[in-house]
Amino acid sequence: MKKIISTLALATLAFGSLFADVTFTTNYRTRMAAFSRVMNADDWTATAKADRFNSYLFAQRGYDSASDDFKIEVANDFGGAGVRIDPSLGDNQDTSDDRNTLAEYYGYVNLGAIKITAGLIDGISNGTYRLTDEVGASNLCGESTDAYAPGSMHGAAISFKADDITYFDGESRPVGMITYTGDFGDTVLTADLVAAAIDNNNGSATWDGSEMHAALGARVDLKIPAADIQFVFKQHTNTSAVSKRSVALHVAPAISENLSLALGGAAGFYNGDLSEFNADIRFMFKSGNMSITSLNTIGFVTDNGVSNGTSVGYDTHVGLVFVDSTGASASQDNRASQSSMWNLLAFRMEASEKLAVFCNIGDIIGFNAAHKEIGDYGMEFFLAPGF
């Protein structure tokens, strides 16, 4: 079967190369927060609240201060292939830049209603539920709109990025995927089945490189006149010692041409018991050249999740990473928070076809383990304009 698919893919690309559409894409982003209030890595447990935070004006450090990528894709009716490179010339200021230069490569063939894809995949999700299909949502990527995709906010959570069926352990992995698309008039059904190669530590703290396992992902997306509905199931690990799986359900009801809404939630299970759960609500209002987007996520870690390795505290910090007294970044989590909330408001105005100006305002709130007090265990804030 493998040889048949490989031969078919090569023949498809060879036959169709003269008639293929070739796309070149490059993106460059300089990420800066006009104002950031973040926890002090030197003394994040300080008794006085004022000593737990540092504030910065126009800080351009952390978050891989600048990022770049270059992509080539060749495609036609029969199939296609693509390569994306993320250039990394060295560490950005106060960061440990360990991104892969070769971010992903893939090929696919179309067989009627079936599409077969294979390669090193950096992530596959449906932008409908992230409200990022068009750049009107904002264009700061990891610093804002994709800081928290639908799913858990917490480090090492099983349901982190629950809507991405190729995400299992935070890395680009070899993936094989079969996609079926059925068009039934007003109803469109899309079903994906994924196998991804991941390393497995059988529940131990380290992996000795001796085992590789296939994580499995399945997604069903149903588009009807009233709404888009998506269900995701992912089996991360299944051994005699450890079983990890996550499920997610999101709905995007059809409201109007100007208003987009997505809501839903996800849950992670460790050895059959609930380890974390979360909820998302997102909306975008667009009128003419202006758009306003609101992204909101709340996540909870259960005692079962904590005892089995899920970090309490949020995983990503917006605006600026932790900074210690020497000015170096320190990637500590806010470990005191067993539940957290993330809120982002993005404003965007198109100045022309090629240029847009925007501003993102957001915060992350850490609750204490009893879920009673706000701010004691972290309240970070950022303001980030851009174009």
Side-chain angles (χ1 to χ4, degrees), residues 5-6 9-10 12-14 16-17 19-31 63-92 95-110 115-151 160-161 163-179 190 192 194-199 215 217 219 234 316 354 356 386:
I5 294 174
S6 299
L10 289 173
T12 297
L13 291 175
S17 61
F19 310 99
D21 292 325
V22 181
T23 304
F24 297 89
T25 306
T26 185
N27 290 297
Y28 176 80
R29 293 173 298 275
T30 297
R31 304 175 183 181
Y63 267 108
D64 300 334
S65 300
S67 69
D68 203 357
D69 63 69
F70 178 73
K71 182 176 181 179
I72 302 174
E73 185 174 54
V74 180
N76 56 27
D77 292 338
F78 302 102
V83 175
R84 193 184 98 233
I85 299 172
D86 290 350
S88 178
L89 301 180
D91 289 353
N92 288 305
T95 68
S96 176
D97 195 337
D98 57 358
R99 291 173 297 164
N100 295 322
T101 300
L102 179 59
E104 67 176 359
Y105 60 86
Y106 57 88
Y108 62 90
V109 292
N110 297 314
K115 178 181 178 181
I116 301 175
T117 305
L120 184 72
I121 306 296
D122 194 28
I124 297 177
S125 60
N126 188 332
T128 298
Y129 307 95
R130 296 191 180 193
L131 299 187
T132 56
D133 266 350
E134 61 174 305
V135 293
S138 171
N139 198 26
L140 284 183
C141 297
E143 191 173 1
S144 53
T145 56
D146 253 359
Y148 291 109
F160 193 73
K161 292 188 178 179
D163 68 330
D164 187 340
I165 54 175
T166 66
Y167 182 96
F168 294 96
D169 59 358
E171 300 287 343
S172 300
R173 296 299 185 187
V175 168
M177 182 170 73
I178 298 176
T179 301
T190 304
D192 301 290
V194 166
I198 63 170
D199 52 315
R219 177 174 60 195
K234 296 197 294 186
T316 300
K354 303 296 184 182

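- With rounding to the nearest 0.5 angstrom, the OG1 atom of Thr25 is 7.0 Å from the NZ atom of Lys71.
- Considering only residues two or more places apart in sequence or on other chains, Asn110 meets the side chain to side chain donor-acceptor pair (under 3.5 Å) condition with none of them.
- Atoms CG and CG, from Asn126 and Asp192 in turn, are 9.0 Å apart once rounded to the nearest 0.5 Å.
- Every residue two or more places apart in sequence or in another chain was checked for a side chain to side chain donor-acceptor pair (under 3.5 Å) with Thr117, and none qualifies.
- Heavy-atom minimum distance, Thr166 versus Gly123: OG1-CA, 3.2 Å.
- Of all heavy-atom pairs spanning Tyr105 and Ile121, the tightest one is O-CD1, 4.3 Å.
- Contact detail for Met177 and Ile124: the closest heavy-atom pair is CE-CD1, 3.5 Å.
- The minimum heavy-atom distance linking Asp164 with Arg130 is given by the pair CB-NH2, 3.9 Å.
- Here the closest heavy-atom approach between residue Phe78 and residue Asn76 is recorded as N-OD1, 2.9 Å.
- Between the CZ atom of Arg219 and the CG atom of Asp163 there is a distance of 7.5 Å, given to the nearest 0.5 Å.
- Using modelled atom types, one side-chain atom of Lys234 and one backbone atom of Tyr167 make a donor-acceptor pair closer than 3.5 Å.
- Nearest heavy atom pair, residue Phe168 against residue Gly217, reads CZ-N, 4.1 Å.
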